[in-house]
Amino acid sequence: MEAWKEKFVSWFATSGRMNRAAFVKRFFGVNLVCMAAVLVIGSRVIEETGSVFASNLVSGVLAALAAVFLYSPMVRRLHDIGRDARLAQAYLCFGIPQGFLLGKVAALPPGSLGLYAFEAALAAVTLLFIVLIFHAGEPRRNVYGAVPGRAAAAQQTGRKKGRRLKKAGTV
(Lines give C-alpha, C1' and ligand atoms only; values in the text may rest on other atoms or scores of the structure.)
Protein backbone atom coordinates (compact mmCIF):
# COMPACT_ATOMS: atom_id res chain seq x y z
CA MET A 1 0.00 0.00 0.00
CA GLU A 2 2.89 2.36 0.77
CA ALA A 3 4.41 1.78 -2.67
CA TRP A 4 1.14 2.84 -4.29
CA LYS A 5 1.07 6.04 -2.22
CA GLU A 6 4.67 6.83 -3.16
CA LYS A 7 3.89 6.26 -6.84
CA PHE A 8 0.83 8.50 -6.62
CA VAL A 9 2.75 11.28 -4.87
CA SER A 10 5.68 10.98 -7.30
CA TRP A 11 3.24 11.44 -10.23
CA PHE A 12 2.63 15.02 -9.03
CA ALA A 13 6.19 15.80 -7.89
CA THR A 14 7.62 18.93 -9.46
CA SER A 15 11.17 18.58 -8.20
CA GLY A 16 13.90 16.92 -10.17
CA ARG A 17 14.14 16.15 -13.85
CA MET A 18 12.36 13.95 -16.41
CA ASN A 19 13.85 12.61 -19.63
CA ARG A 20 12.16 12.71 -23.02
CA ALA A 21 11.02 9.08 -23.04
CA ALA A 22 9.22 9.35 -19.71
CA PHE A 23 7.65 12.66 -20.74
CA VAL A 24 6.38 11.25 -24.05
CA LYS A 25 4.81 8.28 -22.24
CA ARG A 26 3.02 10.55 -19.78
CA PHE A 27 2.03 13.10 -22.42
CA PHE A 28 0.45 10.59 -24.77
CA GLY A 29 -0.94 8.46 -21.95
CA VAL A 30 -2.78 11.36 -20.33
CA ASN A 31 -4.04 12.68 -23.65
CA LEU A 32 -5.25 9.29 -24.88
CA VAL A 33 -7.07 8.55 -21.63
CA CYS A 34 -8.71 11.98 -21.62
CA MET A 35 -9.73 11.75 -25.29
CA ALA A 36 -11.22 8.30 -24.75
CA ALA A 37 -13.07 9.58 -21.68
CA VAL A 38 -14.41 12.57 -23.65
CA LEU A 39 -15.66 10.27 -26.39
CA VAL A 40 -17.26 7.75 -24.04
CA ILE A 41 -18.65 10.08 -21.38
CA GLY A 42 -19.50 12.93 -23.77
CA SER A 43 -21.46 10.71 -26.13
CA ARG A 44 -23.18 9.07 -23.17
CA VAL A 45 -24.19 12.48 -21.80
CA ILE A 46 -25.63 13.50 -25.17
CA GLU A 47 -27.57 10.23 -25.40
CA GLU A 48 -28.98 10.55 -21.89
CA THR A 49 -29.69 14.28 -21.73
CA GLY A 50 -29.68 15.43 -25.33
CA SER A 51 -27.68 18.43 -24.16
CA VAL A 52 -24.65 19.48 -26.16
CA PHE A 53 -23.88 22.01 -23.42
CA ALA A 54 -23.59 19.21 -20.84
CA SER A 55 -21.32 17.27 -23.20
CA ASN A 56 -19.15 20.37 -23.70
CA LEU A 57 -18.98 20.79 -19.92
CA VAL A 58 -17.73 17.20 -19.56
CA SER A 59 -15.14 17.87 -22.28
CA GLY A 60 -14.02 21.03 -20.50
CA VAL A 61 -13.63 19.26 -17.17
CA LEU A 62 -11.61 16.45 -18.74
CA ALA A 63 -9.40 18.91 -20.65
CA ALA A 64 -8.77 20.78 -17.38
CA LEU A 65 -7.86 17.48 -15.68
CA ALA A 66 -5.45 16.69 -18.52
CA ALA A 67 -3.78 20.09 -18.03
CA VAL A 68 -3.42 19.46 -14.30
CA PHE A 69 -2.03 15.95 -14.86
CA LEU A 70 0.49 17.26 -17.41
CA TYR A 71 1.72 20.10 -15.19
CA SER A 72 4.25 18.15 -13.09
CA PRO A 73 5.79 16.26 -16.05
CA MET A 74 6.10 19.59 -17.86
CA VAL A 75 7.88 21.17 -14.90
CA ARG A 76 10.28 18.24 -14.57
CA ARG A 77 10.95 18.18 -18.31
CA LEU A 78 11.60 21.94 -18.27
CA HIS A 79 14.04 21.30 -15.41
CA ASP A 80 15.79 18.72 -17.62
CA ILE A 81 16.45 21.36 -20.28
CA GLY A 82 17.56 23.88 -17.65
CA ARG A 83 14.42 26.02 -17.41
CA ASP A 84 12.24 26.90 -14.45
CA ALA A 85 8.50 26.24 -14.08
CA ARG A 86 7.20 29.55 -15.47
CA LEU A 87 6.31 28.13 -18.90
CA ALA A 88 4.37 25.29 -17.26
CA GLN A 89 2.52 27.82 -15.10
CA ALA A 90 1.65 29.83 -18.20
CA TYR A 91 0.41 26.61 -19.79
CA LEU A 92 -1.95 26.07 -16.86
CA CYS A 93 -3.42 29.53 -17.42
CA PHE A 94 -4.40 28.43 -20.93
CA GLY A 95 -4.77 24.67 -20.47
CA ILE A 96 -7.38 24.69 -17.71
CA PRO A 97 -9.92 27.02 -19.39
CA GLN A 98 -9.13 25.78 -22.91
CA GLY A 99 -11.73 23.01 -22.92
CA PHE A 100 -14.43 25.35 -21.68
CA LEU A 101 -13.58 27.97 -24.31
CA LEU A 102 -13.84 25.74 -27.37
CA GLY A 103 -17.58 26.26 -27.78
CA LYS A 104 -17.21 30.03 -27.47
CA VAL A 105 -14.27 30.12 -29.88
CA ALA A 106 -16.16 28.06 -32.48
CA ALA A 107 -18.92 30.69 -32.42
CA LEU A 108 -16.52 33.58 -33.11
CA PRO A 109 -16.66 35.11 -36.57
CA PRO A 110 -13.70 34.36 -38.85
CA GLY A 111 -11.00 37.00 -38.61
CA SER A 112 -11.96 38.17 -35.12
CA LEU A 113 -9.29 39.18 -32.64
CA GLY A 114 -10.48 36.62 -30.09
CA LEU A 115 -10.13 33.81 -32.60
CA TYR A 116 -6.60 34.94 -33.50
CA ALA A 117 -5.66 35.18 -29.83
CA PHE A 118 -6.95 31.66 -29.13
CA GLU A 119 -5.15 30.26 -32.17
CA ALA A 120 -1.92 32.02 -31.17
CA ALA A 121 -2.12 30.58 -27.65
CA LEU A 122 -2.85 27.13 -29.05
CA ALA A 123 0.14 27.42 -31.40
CA ALA A 124 2.37 28.48 -28.49
CA VAL A 125 1.27 25.49 -26.40
CA THR A 126 1.84 23.15 -29.36
CA LEU A 127 5.31 24.60 -29.86
CA LEU A 128 6.07 24.15 -26.16
CA PHE A 129 5.11 20.48 -26.31
CA ILE A 130 7.19 19.98 -29.46
CA VAL A 131 10.21 21.50 -27.71
CA LEU A 132 9.66 19.35 -24.61
CA ILE A 133 9.39 16.19 -26.70
CA PHE A 134 12.34 16.76 -29.04
CA HIS A 135 14.84 18.99 -27.17
CA ALA A 136 17.59 16.99 -25.52
CA GLY A 137 18.09 17.52 -21.80
CA GLU A 138 21.27 18.94 -20.35
CA PRO A 139 23.94 16.21 -20.42
CA ARG A 140 25.24 16.97 -16.94
CA ARG A 141 23.84 17.63 -13.52
CA ASN A 142 22.13 21.03 -13.36
CA VAL A 143 20.56 23.10 -10.59
CA TYR A 144 17.46 20.88 -10.69
CA GLY A 145 19.26 17.58 -10.12
CA ALA A 146 21.13 14.71 -11.73
CA VAL A 147 20.58 13.53 -15.28
CA PRO A 148 17.45 11.32 -15.21
CA GLY A 149 18.23 7.63 -15.46
CA ARG A 150 21.99 8.06 -15.30
CA ALA A 151 22.34 8.18 -11.51
CA ALA A 152 21.18 4.59 -11.09
CA ALA A 153 23.17 3.43 -14.12
CA ALA A 154 26.34 5.08 -12.82
CA GLN A 155 25.97 3.38 -9.45
CA GLN A 156 25.54 -0.03 -11.10
CA THR A 157 28.49 0.57 -13.42
CA GLY A 158 30.65 1.67 -10.50
CA ARG A 159 29.82 -1.50 -8.60
CA LYS A 160 30.70 -3.70 -11.55
CA LYS A 161 34.01 -1.93 -12.10
CA GLY A 162 34.80 -2.26 -8.41
CA ARG A 163 34.22 -6.02 -8.53
CA ARG A 164 36.40 -6.37 -11.62
CA LEU A 165 39.17 -4.40 -9.99
CA LYS A 166 39.07 -6.57 -6.89
CA LYS A 167 39.21 -9.74 -8.97
CA ALA A 168 42.07 -8.38 -11.05
CA GLY A 169 43.98 -7.29 -7.96
CA THR A 170 43.73 -10.66 -6.20
CA VAL A 171 45.01 -12.70 -9.15
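What you see is a predicted model; the values in this text were computed from it and never measured.
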Can you hop from [X] to [Y] via hydrophobic side chains spaced under 4.5 Å?
| X | Y | answer |
| --- | --- | --- |
| Val75 | Leu87 | no |
| Phe27 | Leu92 | no |
| Trp11 | Phe23 | yes |
| Phe134 | Leu70 | yes |
| Phe94 | Val30 | yes |

In terms of ring plane angle, is the pair Phe8 and Phe12 parallel, tilted or perpendicular, where the classes change at 30° and 60°? perpendicular
Just distance, no hydrogens or angles: give the donor-acceptor pairs under 3.5 Å from side chains in residues 36-46, sequence neighbours left out.
{"from": "Ser43", "atom 1": "OG", "to": "Leu39", "atom 2": "O", "distance (Å)": "2.6"}
{"from": "Ser43", "atom 1": "OG", "to": "Val40", "atom 2": "O", "distance (Å)": "3.1"}

What is the distance from atom [atom1] of [X] to atom [atom2] of [Y], rounded to the nearest 0.5 Å?
| X | Y | atom1 | atom2 | answer |
| --- | --- | --- | --- | --- |
| Thr14 | Tyr144 | OG1 | OH | 11.0 Å |
| Ile96 | Tyr71 | CD1 | OH | 10.0 Å |
| Glu48 | Ser55 | CD | OG | 12.5 Å |
| Leu62 | Met35 | CG | CE | 12.0 Å |
| Phe100 | Gln98 | CZ | CD | 11.0 Å |
| Ile130 | Thr126 | CD1 | OG1 | 6.5 Å |

When every non-hydrogen atom of Ala13 is compared with those of Ser72, the smallest separation belongs to O-CB, 3.4 Å
Any idea which heavy atoms bring Cys34 and Ala66 closest together, and the distance? SG-CB, 3.5 Å
Taking side-chain hydrogen bond (donor to acceptor under 3.5 Å, both in side chains) as the definition, give me every residue that meets it alongside Arg76, ordered by chain and number, with sequence neighbours left out. none
Can you name the side-chain hydrogen bond (donor to acceptor under 3.5 Å, both in side chains) partners of Asn142, sequence neighbours left out? Glu138
Is there a side-chain contact between Leu102 and Ser59 (heavy atoms, below 4.5 Å)? no
Are Arg20 and Asp80 packed together at the side-chain level, in the sense that at least one heavy-atom pair is separated by less than 4.5 angstrom? no
Would you be so kind as to tabulate the donor-acceptor pairs closer than 3.5 Å made by side chains of residues 106-118, with sequence neighbours excluded?
{"from": "Ser112", "atom 1": "OG", "to": "Pro109", "atom 2": "O", "distance (Å)": "3.1"}
{"from": "Ser112", "atom 1": "OG", "to": "Leu115", "atom 2": "N", "distance (Å)": "3.4"}

Can you run down the side-chain hydrogen bond (donor to acceptor under 3.5 Å, both in side chains) pairs that involve residues 83-95, sequence neighbours left out, and say none if there aren't any? Asp84-Arg86
Whether Arg26 side chain and Pro73 backbone form a donor-acceptor pair below 3.5 Å: no
Just to verify, what does Ala22 make a side-chain contact (heavy atoms from CB on, under 4.5 Å) with, not counting sequence neighbours? Met18, Asn19
